[in-house]
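Here the structure is a predicted model, which is why all the values come from computation and not from measurement. Throughout, a chain's letter reflects where its sequence line sits, starting with A, and its residues are numbered from 1.
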4 protein chains.
Amino acid sequence: MARRTPPDRRDSILSAAREIFAANGFAGARMEDVAKRVGISKATLYLQFADKQALFRELIDWLIETSLPDAFPLTLADASASERLAIFAQEAAGKLADDDVAFLPRLVIGESGNFPELAKAWHDVAVSRVLTLIEGLVQQGIDRGEFRAVDPYLAARSVAGPLVLGVLWNTIFAPVGAEPMSLAALARSHVDILLHGLLQGETA
Amino acid sequence: MARRTPPDRRDSILSAAREIFAANGFAGARMEDVAKRVGISKATLYLQFADKQALFRELIDWLIETSLPDAFPLTLADASASERLAIFAQEAAGKLADDDVAFLPRLVIGESGNFPELAKAWHDVAVSRVLTLIEGLVQQGIDRGEFRAVDPYLAARSVAGPLVLGVLWNTIFAPVGAEPMSLAALARSHVDILLHGLLQGETA
Amino acid sequence: MARRTPPDRRDSILSAAREIFAANGFAGARMEDVAKRVGISKATLYLQFADKQALFRELIDWLIETSLPDAFPLTLADASASERLAIFAQEAAGKLADDDVAFLPRLVIGESGNFPELAKAWHDVAVSRVLTLIEGLVQQGIDRGEFRAVDPYLAARSVAGPLVLGVLWNTIFAPVGAEPMSLAALARSHVDILLHGLLQGETA
Amino acid sequence: MARRTPPDRRDSILSAAREIFAANGFAGARMEDVAKRVGISKATLYLQFADKQALFRELIDWLIETSLPDAFPLTLADASASERLAIFAQEAAGKLADDDVAFLPRLVIGESGNFPELAKAWHDVAVSRVLTLIEGLVQQGIDRGEFRAVDPYLAARSVAGPLVLGVLWNTIFAPVGAEPMSLAALARSHVDILLHGLLQGETA
DNA sequence: CATGAATGAGACTTCATTCAT
DNA sequence: TATGAATGAAGTCTCATTCAT
C-alpha cells in the first residue's frame, strides 16, 4: 500500500509538510515531524528533497500550482460586467474557502522576510494574475459604458481587498475564537456595495 | 515598571527586537542579534526579559500599545456619514503607511500558529476595535437614512479590506520588486467607489 | 573465489574502489560513489563485499598482490653489486612511476591510524621485502669486497629513501603545483652519489 | 584554572585536535572527541573554531608554524660543506624524532586528497624550504670544489629521502610491530655513505 | 549592572546497511 | 542476481540560557 509509488509518496510528503509548515512556520517546523506525519523516516524525506529549504520551496510551488492555475477561466462569458464581477467574486470566494488554499497566504506572508523569492513567486504566479484579471474586468465595464471611469488598478484592489481580509480572518482569527466569516456572504454583500454604492439616493 | 535601567534601555531593546523579529519571525530571530543591535550583551538582555518568548510577548504588547491606542478618536465629528467615512479612511491610510506599524500584520500573521494569543490580542485590541468602529459608522449612516440598509458587519469588511490588502502589498510584495501602492490614493478611490458604486447610471 | 559473477565484476569494483578510496580516504569514501563508478547499485556492491571495511581490506590485498608480487626477481643476475644496485634502482623507479602503484603509499599512510593491519600488511608484504632485498644486495657487495663495510640495514634505507620521497612528491605535491619529479633521473643520480660519494677527491 | 585564558584554551584545543586527527584522519575524527579530550563541551569548541574544517586547517597551520619556522638557522657556519651536511642531518634527525612533528607528514599525506591546500602549504612552508636549503648546501660544496659536480636538485633529494623514510617508518610501521629506527643513527650512516660513497676503492 | 565564556538540548543532514520485489 | 526504497545511528552545528567575575 505504500511501497513503490514515488509520485504519491512525494505528494503525501508535501501534504504533510503543508500542515507542519503552516502550523509552525519555516524555522519552527521540524523535519522529523513532517516525516512522522507521513509515517516515514527522516532519511526517506531526504530521498525526495535535498534539504529543508528545498522541501519548503517545492511546497510553496506545489501549493501555488495546485491552487491557482486553472483559476477563473470564466472571464470569457459575454454577460454584463456586473454579472461577471459577481460571478468572479463568488468563484473566488469558493476557492479561497478551501482550507488547502487558505493557509498559503499565511505561510508566504509569514516567511516573506526569510524567503523573498517565495513572495515574488506568489505575487507573479497568483496575486498579480488575479488582480490583473480584475482590472481587465473593470476596464471592460468602463469601456462598455457600464461602469464609471474609475481607476481600474485601484478598483481592482477595492474588489479583492475584502476577500483577502476574509481569508486572513478565517485563517488567523477564527482559530482563536473569532466568529468565522462566510466568504460567500461577504462576496455577495461586497459586490452589491461595489456596484451600487452605499449611498441611499444613488440607487435608482 | 522598569527598575534602575532607564526605560530608554527597555525601549531600545524592544525597538531592536521589533526589527529582528519582523525580519526573521519568532523562531528565526536570534537573541544575539537583538543584543548586538542594541549594543549590549546577550546576558544583559536576559536581565530585562526572562526569555525569548517574554521578549516577544512584551514586544507585541508594546507595539499594540504604542501604535493603536490613540487610534481614530475622530469618531466624534458630527459630519455626514459619508464625510466621516472618508476622513476615517484617510486617517487609517495615514497610520498604516507608517513603517513602524505596517510590519505588525506580517509578524502576527506569521506567528499566529505558534502564538495564538498574539492573534487574539491583536484581534481584540486592534482589528476588532477598528472594525467595530467602522460598523458603527455604517450603522449611523443607515440610521440617518444616508446609507442603504446594508449589513454593517459585512460592509465594515468591505471598507477595511482594501486597506489591509494595501498594507500587505507594501510589506510583502514591494520589497520583492512590486510597485509600492499609495495607501492614500487607494483610500480615496475606494471610498469613492464604496459611496457611489461602480455603476454608471446610479450616480445622480 | 567469486561465484557466478565473473571475476571481471569483482575486479571492476575493486578498481573503482581504488579510485574512490585513494581520492577520499576510507572514512571519506562513500559506498554509493564506488557503486556509481562501477555502474551498479549499492545493494549489488553488498552482494560482493560484506561491508565497507571488507571492501577496503580486500582492495588493499588486491593492490599489494597486483603490484608487488613479481617485484624484482632480477636479483639473480651475477653482475657486480654496483651494477645490480643500479639496475634495481632503475626497475624500482619504473615500477613506482606507475600511477596504479603510486597512490598506495598515500592510502596506507593516511589510514594506518584506523587500520593498523594495513600498515602491517604493507610492511610485511611489500616494504620489508624490498628493504630486505636491498640489504642482501649491499651485504653481497660488502662480502665481495666491492662495498665498504657499512651497516646494510641502514644502507638499505639510504638506497630506498629518495625513491620513497620521489613517489610521495609526485603523489602529494605535484597535484598541487609542484614540478613532478622524474623517478628515473632521481634513481640515476642517487645511485651515482651512493656509489661514488659526493666528495671530489674520493672519486678515482 | 581554566576560565579566562583564550590563548591557552586555543592551544589546548589544537593540541587535542592534533591527537584526534592524527589518530583518525579528518573524516574519521569526531568533534566530540576533541572536546572531550580538552574537557570542554562541543559548543565551546565552536566558540573558537567556525567548523571542523577550520579547526583542521588551523591545526595544520599551527603545526607547521610551531615545528618548522626556526628550523635550521645553522646554515651560517663557515665550516666545510661536509661538516655542514653532517650537522644539518643531525639537527634534522633530532627535530624529526620529536613526536609532535613526526605525525604531521602522516596527517598531511593522508588528507592531501581532501585538502590540497594543506599539501601546498606544507610544501611551501616546510618541505620546499628544507630541500632548497640542502640544495644551497650542496651547491656551496660544489662551488668550493669540495663536492663533485652533481645535480644539486636531485642530490638534495638524495640527502633528505632517507630521513623521510625514517620518519614514516617510525610513524607507520613502528606502531604495528616493526623495530623503530634511530633517526640519528640513520643520519650518521647516510651522511657517511653520501660523502664517501659505497665503493671500496673510492675512499682514499 | 554588565558580560565573556560556557553548555545542554536539539535540529539538520549523511551514509552504511538492509529488504522486498 | 539485481536494485530501488527505506532507515537507524551517528555526527555536525546552532542557540537559548546560565554563571562566575
Side-chain angles (χ1 to χ4, degrees), chain A residues 2-6 9-10 24 26-35 38-55, chain B residues 3-6 9 26-35 38-56, chain C residues 2-6 9 26-35 38-56, chain D residues 2-6 9 24 26-35 38-55:
Chain A
R3 273 299 125 71
R4 203 84 47 87
T5 36
R9 166 56 47 90
R10 191 187 157 78
N24 308 286
F26 176 79
R30 283 157 49 217
M31 292 298 267
E32 174 144 32
D33 289 344
V34 176
V38 189
I40 59 177
S41 72
K42 260 183 300 175
T44 304
L45 218 51
Y46 282 89
L47 241 42
Q48 303 276 339
F49 300 92
D51 56 20
K52 195 183 179 184
Q53 289 214 0
L55 174 57
Chain B
R3 277 298 128 70
R4 316 227 177 143
T5 308
R9 161 60 54 85
F26 178 79
R30 284 158 50 213
M31 292 297 268
E32 171 141 36
D33 287 345
V34 176
V38 188
I40 60 177
S41 73
K42 263 187 296 178
T44 304
L45 210 54
Y46 280 86
L47 249 37
Q48 303 278 332
F49 299 90
D51 56 21
K52 195 183 179 183
Q53 289 214 0
L55 173 58
F56 188 61
Chain C
R3 276 299 126 72
R4 317 231 178 139
T5 307
R9 161 62 53 87
F26 178 79
R30 283 156 50 212
M31 291 298 267
E32 173 141 33
D33 287 345
V34 176
V38 188
I40 60 177
S41 72
K42 261 188 297 178
T44 304
L45 209 53
Y46 279 87
L47 249 38
Q48 302 279 332
F49 299 91
D51 57 20
K52 195 183 181 185
Q53 289 213 1
L55 174 58
F56 188 61
Chain D
R3 274 298 124 72
R4 202 84 47 85
T5 35
R9 166 56 47 89
N24 307 287
F26 177 79
R30 284 156 49 216
M31 292 299 267
E32 174 143 34
D33 289 345
V34 175
V38 188
I40 60 177
S41 72
K42 257 186 301 176
T44 304
L45 218 51
Y46 283 89
L47 241 42
Q48 304 276 337
F49 300 91
D51 56 18
K52 196 183 177 184
Q53 288 213 1
L55 173 57

- Query: Pairing of DNA chain E as dot-bracket, 5' to 3': ( ) intra-strand, [ ] crossing, | other strand, . unpaired, with Watson-Crick or G-U pairs under 3.5 Å?
  - Reply: .||||||||||||||||||||

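- The distance from atom CG of Leu45(B) to atom C1' of dA2(E) is 12 Å, rounded to the nearest whole Å.
- Here the closest heavy-atom approach between residue Lys52(A) and residue Phe26(A) is recorded as NZ-O, 2.9 Å.
- Take Ala27(B) and apply the side chain to side chain contact (heavy atoms under 4.5 Å, CB included) test, not counting sequence neighbours, and it matches Ala27(A).
- For Gln48(B) and dT3(E), the CD to P distance is 11 Å, given to the nearest whole Å.
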- Message: What does the B/S/- profile of nucleotides 8-13 of chain E look like, 5' to 3', with a 4.0 Å heavy-atom cutoff to protein?
- Response: B-BSSB

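- Closest of all the heavy-atom pairs between Arg10(A) and Gln48(A) is CB-OE1, 4.1 Å.
- The ring-ring contact (aromatic ring centres under 6.0 Å, His included) test applied to Phe49(C) returns no partner, not counting sequence neighbours.
- OP1 or OP2 of dA6(E) sits under 4.0 Å from a side-chain N or O of Arg9(D).
- Under the side chain to side chain contact (heavy atoms under 4.5 Å, CB included) criterion, Ala54(A) pairs with Ala50(A), Asp51(A), Glu58(A), sequence neighbours left out.
- Judged as a side chain to side chain donor-acceptor pair (under 3.5 Å), and not counting sequence neighbours, the contacts of Gln53(C) are Arg57(C).
- Side-chain contact between Leu47(A) and Arg9(A) is absent, with no heavy-atom pair separated by less than 4.5 Å.
- Per the geometry, CG belonging to Leu47(C) stands 13 Å off P belonging to dC19(E), to the nearest Å.
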